[in-house]
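Report on one structure; see the data block that follows.
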Amino acid sequence: MMNRDELRTALIEEITRVAPDLSADEITEEASLRDDYDLDSMDSFNLASAIHKRLGVNIPETDFARLQSLAQLMTYLEKHPA
Amino acid sequence: MSDFLMPSLGADMDEAVLVEWQVKAGDAVHRGDVIAVVETAKGAIEVEVFEEGVVEELYVPVDTTVPVGSPIARLATQASVTPASHTPAEPEAAPNASVEADWQPEPSARPALEVSARTEKNDRISQTPTTPPERLKASPLARQRAARTGQSLADVTGSGPQGAILAGDLTSAAPQAPAAAEPKGKKSHAGFNPAEMRKAIAAAMARSKREIPHYYLATAVDMLTATHWLEAYNADQPPEKRLLMSALIFKAVAKVLRDFPEMNGYFQEGTYQPSPSVNLGIAINLRSAGLITPALMDADKLDLAQLMTNLQDLTRRARQGGLRSSEMTRGTITITALGERGVDSVYGVIYPPQVAILGFGKVSSRPWAIGDALAARPVMQATLAADHRVSDGHRGGLFLDRINQTLQDPEQLNQPAHQESES
């Protein structure tokens, strides 16, 4: 299982892949992916798919809708490993 | 034998830079094949051929700016193939693009090419270093290139709006990493030119407001059934198989459009021609770069899952490069869904030569009368801006109402495609 730092690295890679205009060093843990980085519903769909593919975690839509920031995603994935 | 012309790629685009040939002399080509990649203000576009034949000669070297309508290659074609018949309602993208004989054989002698080297990139580079802005603005392609070549964006002076770094800035700054060294593929063709894109949007929208007598309608749609249906559908699906509400809405629009031909087609040279196919132009925000409205082709023939897959693919290619010329020119109506950004309603500006644009706002909880009582329901504002030369408010109202009714029966929208097309 990945530790928190590994999760952060993996998630940042997937976020910047979904939104290539973001750079890894500008993503902070607490910022809202939607409001601060302008990720739209299609980006969120792609991110959920990417997390499923890379980490093997199928986050239910109702849970995913509540995960607004990188920190929240990391915490969720720590609690729900593949 | 015929000359293949640089196609128009949307209203008010008058030139493009040919950045890659995907065929060479002697290659056989078929309808729908991509023969070249061009760079425009709207990013890199794949140019398709609409004839069968054999490439005889490529007229234009890579990195050449070519005006729309100029020949770029010569094809030996079979006389029996008449490409125009495939597209009965081909739109003429811009008033000045009368040369939009697009993919039709042009027997006339090849006119002199207006060839200009791509020097503007070098002109953009300022020799004086500037203070890097707080948040570096850079196009997606520029970031990809920088990552690949190991360049620091902070060292590059951007030529875009507010100093945004464009891919071209990087290419010039790092001649040791020429474009040819990039891996072949769609990802390497994403460059947008925000300033040029802004100009193109301005021209198309100004023309629309000048020429098209818009009328506007709005209706509130109860989204309770659709929301519940979507939640139930998605609960059983892994993330990559889920649907967005947009897909459900677009599906409803495509289905209804078959019964409203006066909303789906092109008004050109004083006459309206409805389109036999339903190609939904989808307004896609390119974040810092602007807006693009590529078409979801034949949306009425797709089932819901396929429509979602195609929408995902279209969005990805709009943002990263790889849209096709047909997708740029053959939208038959436009849909803008600004609800995403919290807007309650959006009244669109029609994209000429289309005759209608639908707007969908956010789904939010609203007071809703049910019988004599009030309840809180998820409600969405649907709007229509349509061309009064072609339709009247009465028909427009029926159109919006039918979309509303169709969204009340989501299960029906989930019918397999083949049953759909028979109905």
Side-chain angles (χ1 to χ4, degrees), chain A residues 7 9-68 70 72-74 76-77 80-82, chain B residues 134-147 152-154 160 164-165 167 187 190 192 194 230-247 282 284-289 308-309 311-316 318-321 337-342 362-363:
Chain A
L7 276 176
T9 305
L11 285 170
I12 286 179
E13 274 182 31
E14 295 305 334
I15 290 167
T16 52
R17 193 165 296 163
V18 162
D21 55 326
L22 291 175
S23 69
D25 47 0
E26 66 187 304
I27 296 174
T28 62
E29 290 194 11
E30 301 302 329
S32 160
L33 294 174
R34 194 188 70 135
D35 297 334
D36 294 324
Y37 302 134
D38 211 17
L39 262 59
D40 62 16
S41 59
M42 184 60 82
D43 296 325
S44 295
F45 167 90
N46 288 329
L47 183 58
S49 303
I51 289 171
H52 187 218
K53 188 175 175 194
R54 176 157 181 175
L55 305 175
V57 183
N58 177 355
I59 307 180
E61 191 184 43
T62 42
D63 289 350
F64 194 77
R66 284 196 291 270
L67 302 173
Q68 301 285 334
L70 178 59
Q72 288 170 355
L73 277 170
M74 292 191 301
Y76 183 94
L77 290 166
H80 302 84
Chain B
E134 214 165 278
R135 187 198 157 185
L136 272 174
K137 287 190 180 298
S139 75
L141 182 60
R143 285 188 196 275
Q144 285 168 19
R145 252 184 213 172
S152 167
L153 288 174
I165 297 162
K187 269 196 103 177
F192 302 111
L230 196 67
E231 281 170 6
Y233 181 97
N234 284 346
D236 298 334
Q237 304 288 341
E240 60 277 8
K241 300 267 187 198
R242 288 172 195 160
L243 300 176
L244 293 178
M245 183 60 87
S246 304
I282 308 295
I284 295 174
N285 168 41
L286 299 175
R287 296 200 174 82
S288 54
M308 178 65 198
T309 303
L311 179 63
Q312 185 196 11
D313 179 55
L314 190 74
T315 309
R316 181 183 57 78
R319 289 181 173 158
Q320 299 184 3
L338 269 185
E340 188 81 47
R341 294 273 78 102
K362 74 172 170 185
V363 178

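Computed from a predicted model, the values in this text were never measured in an experiment. When reading the values below, keep in mind they use all heavy atoms of this one structure, side chains included, and skip hydrogens, waters and symmetry mates.
- By the 4.5 Å heavy-atom criterion applied to side chains, B/E240 and A/H52 are counted as neighbours.
- With sequence neighbours excluded, the residues satisfying side-chain contact (heavy atoms from CB on, under 4.5 Å) with A/N46 are A/V18, A/M42, B/Q312.
- Atom CZ of A/F45 is separated from atom OG1 of B/T315 by 10.0 Å, given to the nearest 0.5 angstrom.
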Let's go through B/R319 and A/D40 carefully: what are the C-alpha distance in whole Å and the side-chain angles of both, what is the deciding distance for salt bridge (Lys or Arg N to Asp or Glu O under 4.0 Å) to 0.1 Å, and is it a yes or a no? CA-CA 13 Å; B/R319 289 181 173 158; A/D40 62 16; 2.7 Å; yes

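- Minimum heavy-atom separation, B/R242 to A/N58: NH2-OD1, 3.1 Å.
- Contacts of A/I59 with chain B are made by backbone atoms alone, with heavy-atom separations under 4.5 Å and no side-chain atom involved.
- For residues 56-65 of chain A, the set of pairs meeting the salt bridge (Lys or Arg N to Asp or Glu O under 4.0 Å) definition, not counting sequence neighbours, comprises A/D63-A/R66.
- At a 4.5 Å heavy-atom cutoff, A/A50 makes no contact with chain B through either its backbone or its side chain.
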